[in-house]
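Throughout, a chain's letter reflects where its sequence line sits, starting with A, and its residues are numbered from 1.
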Amino acid sequence: MSQAPATSLQDIISHAKEYGFVFPSSEIYDGLQAVYDYGQNGVELKNNLKAVWWKAMTQLNDNIVGIDASIFMHPLTWKASGHVDGFNDPMIDNKDSKKRYRADQLLEGKAEEYREAGQPEKAQELLNEMGRLLGAEDLAGVRDLIIAEGIKCQVSGTANWTDVRQFNLMFSTQVGSVAEDSSQIYLRPETAQGIFVNFLNVQKSGRMKVPFGIAQIGKAFRNEIVARQFTFRMREFEQMEMQFFVRPGSEMEWYNTWKEARMKFHKAIGLPAESLQYHDHEKLAHYANAAVDIEYKFPFGFREIEGIHSRTDFDLRNHQELSKKKQQYFDSEINQNYIPYVVETSVGADRLFLATFCNAYTRETVGEGEGQKERVYLKLHPALAPVKAAVLPLVKKDGLAEKAQSIAQSLKSSFRTVYDDNAAIGKRYTRQDLIGTPYCIAVDYQTMEDDTVTIRHRDSMEQERVHISELKDKIGYEVAMERILEVI
RNA sequence: GCGGGUGUAGCUCAGCUGGUAGAGCGAUAGCCUUCCAAGCUAUAGGUCGCGAGUUCGAACCUCGUCGCCCGCUCCA
């Protein structure tokens with residue numbers, strides 16, 4: 001057995017499409033950029049990943065509960081979170097160098113020059129004018145101002161600028177069926193805010209005591225400037241987030257605890273240690289005082305699959321300010337009221353799916369000499385595989401098919417089982433390998449005599465003979481979610 | 001958004017200096033078969049990404065457009 005050439009992202013994309021895991025969205029209309037659909041096998045794998053995450057959070061931890069908040073939220077939510085102001089950037093391109101700049105940063109740079117040149121009044125005047133134009137959303141005015149100030153591109157040295165365009169990372173839509181009565185709202189760019197606005201509801205109705213966590217799985221939407229690398233960066237994506245509310249001052253302790261715990265999770269679902277790494281953030285987001293990514297080694301390099309952030313009390317404090325509703329918790333242990341600090345774990349469901357899929361994709365050269373050939377299979381953890389077992393009659397005749405069908409029927413209520421009698425058995429084994437089915441049950445002539453079958457293991461291709469009555473327990477044990485949860 | 005590359009069957013690709021489409025694999029049905037994509041027979045599947053233009057004639061040339069890939073820009 002030797003290792004075949006390195007897997008490219010193209011191999012992954014082709015395999016995902018061919019075997020029903022991921023399809024380009026609206027493909028018959030040439031697709032829609034950065035949007036993908038999960039197919040019949042992909043949805044099973046993704047659901048399994050979501051289920052194991054959900055259980056790892058809400059079942060393994062007494063102090064973590066889940067919610068499912070809406071995608072639509074009150075517009076002030078995004079004011080409080082900083083998304084409205086912080087991610088509404090005016091961009092401008094230089095036509096000669098093709099470099100893109102943030103228009104506000106160009107003007108701020110110019111103001112800085114004035115200040116250094118001993119003209120602070122002029123600097124302030126410029127900043128005021130910029131603020132006025134941006135506030136009025138007068139983008140043409142911003143461009144005029146840049147040209148009037150003689151600002152040039154550092155690369156090309158020219159002032160050959162495009163129009164100023166607004167890049168809002170949030171998608172907006174209208175609520176209200178009648179246009180004149182409608183108001184603009186956003187599709188949430190992160191699920192976290194649904195948790196923050198429900199902090200007190202959950203705390204009070206669940207009699208939760210700090211420290212405690214709220215978990216949520218849900219879709220989020222971002223109008224990314226560029227979207228690439230398959231399902232790694234999509235405009236519509238799914239997050240699995242848990243916000244952990246802690247006593248101020250204890251956040252770093254919890255931050256480190258979750259940093260460890262989350263890495264353990266990724267290893268438990270089968271991602272190898274050598275393909276995972278931490279990446280500490282140098283530049284912290286506006287709300288965080290510590291941040292680390294867990295990165296997975298994709299075919300295109302180490303990239304973030306999960307972020308762990310110490311968010312301080314930024315979000316709750318801002319919600320308290322805008323909503324005028326106290327977001328405080330009374331800690332009876334220390335007899336104090338405070339706004340809890342938050343440690344966030346946020347993993348992309350689609351990224352975890354892609355990491356799992358890339359990791360499972362295995363190409364091996366098997367056999368010797370003339371019999372040598374390439375074998376492709378998905379080495380998925382049995383608990384994650386879309387199909388747990390396939391029941392295959394060796395041949396279709398002599399009652400083997402009927403026998404196999406009744407075995408498949410008897411297993412269906414325990415785990416996802418398929419029956420296949422099409423073509424030669426070798427081909428059927430391969431078909432199951434390609435979608436990662438861990439166990440194939442073959443019904444042969446001996447089965448007709450003594451009710452035993454063979455279980456063929458996907459990774460080793462080895463077979464063992466067991467009695468039909470043992471199948472449910474034996475395979476059921478291996479494919480149970482518990483096999484992952486117990487090692488987290 | 002810019003630059004470069006690219007688009008032919010489900011997948012991988014061929015298709016000459018323009019003459020109205022092919023292969024392998026896969027799929028489906030049947031035959032055959034006592035265990036790893038076996039064999040045989042048959043079948044289905046493509047307005048060559050889309051739209052214009054040039055031409056007697058365009059998968060091929062020109063322009064536009066859309067998607068994808070690589071790089072840059074952005075990324076809470």
Would A:R311 count as a cation-pi partner of A:F314, with NZ or CZ less than 6.0 Å from the six-membered ring centre and within 45° of the ring normal? no
On a whole-Å scale, what distance lies between the P atoms belonging to B:A58 and B:G71? 39 Å
Taking only side-chain nitrogens and oxygens of A:K427, does any of them come within less than 4.0 Å of OP1 or OP2 of B:C36? no
RNA chain B in dot-bracket form (Watson-Crick or G-U pairs under 3.5 Å, [ ] crossing, | inter-strand) is (((((((..((((.....[..)))).(((((.......))))).....(((((..]....))))))))))))....
For A:F232, report the nucleic acid contact type (base, sugar-phosphate, nothing); a contact means any heavy atom under 4.0 Å. nothing
Checking B:A76, B:C35, B:U34 against the side chain of A:R465 (C-beta onward), the nearest is B:C35
Nucleotide B:C68, atom P - distance to CG of A:L9 in whole Å: 13 Å
Should the side chain of A:H309 and the base of B:A76 be counted as holding a donor-acceptor pair, with the cut-off at 3.5 Å? no
Mind checking if A:I425 touches a base, just sugar-phosphate, or nothing, with heavy atoms under 4.0 Å? sugar-phosphate
Measure the distance from CG on A:D421 to P on B:C32 and round it to the nearest whole Å. 15 Å
Could you tell me whether the phosphate oxygens of B:G26, OP1 or OP2, come under 4.0 Å of any side-chain nitrogen or oxygen in A:R431? no
Is any side-chain N of the basic residue among A:K403 and A:D398 closer than 4.0 Å to the acidic one's carboxylate O? no
Using distance alone, with no hydrogens and no angle criterion, decide if A:T447 and A:D444 have a side-chain donor and acceptor under 3.5 Å apart. yes
When the P atoms of B:A9 and B:G46 are compared, how many Å lie between them, rounded to an integer? 10 Å
Heavy-atom nearest nucleotide on RNA chain B for A:A424 versus A:K397: which residue maps closer to 5'? A:K397
Hey, are A:E238 and A:K46 close enough for a salt bridge, meaning a charged N less than 4.0 Å from a carboxylate O? yes
Nearest-Å distance, NE2 (A:H457) to C1' (B:C35)? 15 Å
Selected nucleotide, minimal atom distance to A:N422 side chain, candidates B:U33, B:U34, B:A29: B:A29
Give the rounded distance in Å between these two atoms: NZ of A:K396 and C1' of B:G30. 8 Å
B:C68 C1' sits how many Å from A:M234 CE, rounded? 16 Å
Taking atom C1' of B:C25 as reference, at what distance in whole Å does atom CG of A:L434 sit? 12 Å
Under 4.0 Å between any heavy atoms, over every strand shown, what does A:L392 touch: base, sugar-phosphate, or nothing? Just pick one. nothing
Proximal nucleotide (of B:C35, B:U28, B:A27) relative to the A:L394 side chain: B:C35
Looking at A:R458 and A:L380, would you say the former's side chain and the latter's main chain have a donor-acceptor pair under 3.5 Å? yes
Taking only residues two or more places apart in sequence, or in another chain, which ones meet A:F298 in a ring pair (Phe, Tyr, Trp, His ring centres under 6.0 Å)? A:F232, A:Y296, A:F300
When we call it a touch if two heavy atoms are under 4.0 Å apart, what does A:Q463 touch: a base, just sugar-phosphate, or nothing? base
Please determine, for the side chain of A:K17, which listed nucleotide (B:G10, B:U33, B:C69) has the closest atom? B:G10
Whole-angstrom distance between B:G15 and B:A23, as gauged at atom C1': 10 Å
Using a heavy-atom cut-off of under 4.0 Å over every strand shown, decide if A:D433 touches base, sugar-phosphate, or nothing. nothing
Could you tell me how far apart A:F314 (CZ) and B:A76 (C1') are, to the nearest whole angstrom? 10 Å
Beyond-backbone contact of A:D293 with A:E306, side-chain heavy atoms, under 4.5 angstrom: no
Measure from the side chain of A:S14, starting at C-beta and using heavy atoms only, and say which of B:A76, B:C35, B:C11 lies closest. B:C11
Let me know the distance between NE2 of A:H15 and P of B:C11, rounded to the nearest Å. 14 Å
A cation-pi test, strictly: NZ or CZ of A:K379 under 6.0 Å from the centre of the six-membered ring of A:Y361 and no more than 45 degrees from its axis. Yes or no? no
So, under a plain 3.5 Å distance rule, would you say the side chain of A:R456 forms a donor-acceptor pair with the base of B:C36? yes
Kindly confirm or rule out a cation-pi arrangement of A:R456 over A:Y429, judged by NZ or CZ under 6.0 Å from the six-membered ring centre and within 45° of its axis? yes
A:E18, nearest nucleotide to its side chain (from B:C69, B:C11, B:C35): B:C11
What interatomic distance, in whole Å, is found between P of B:U41 and the corresponding atom of B:G5? 45 Å
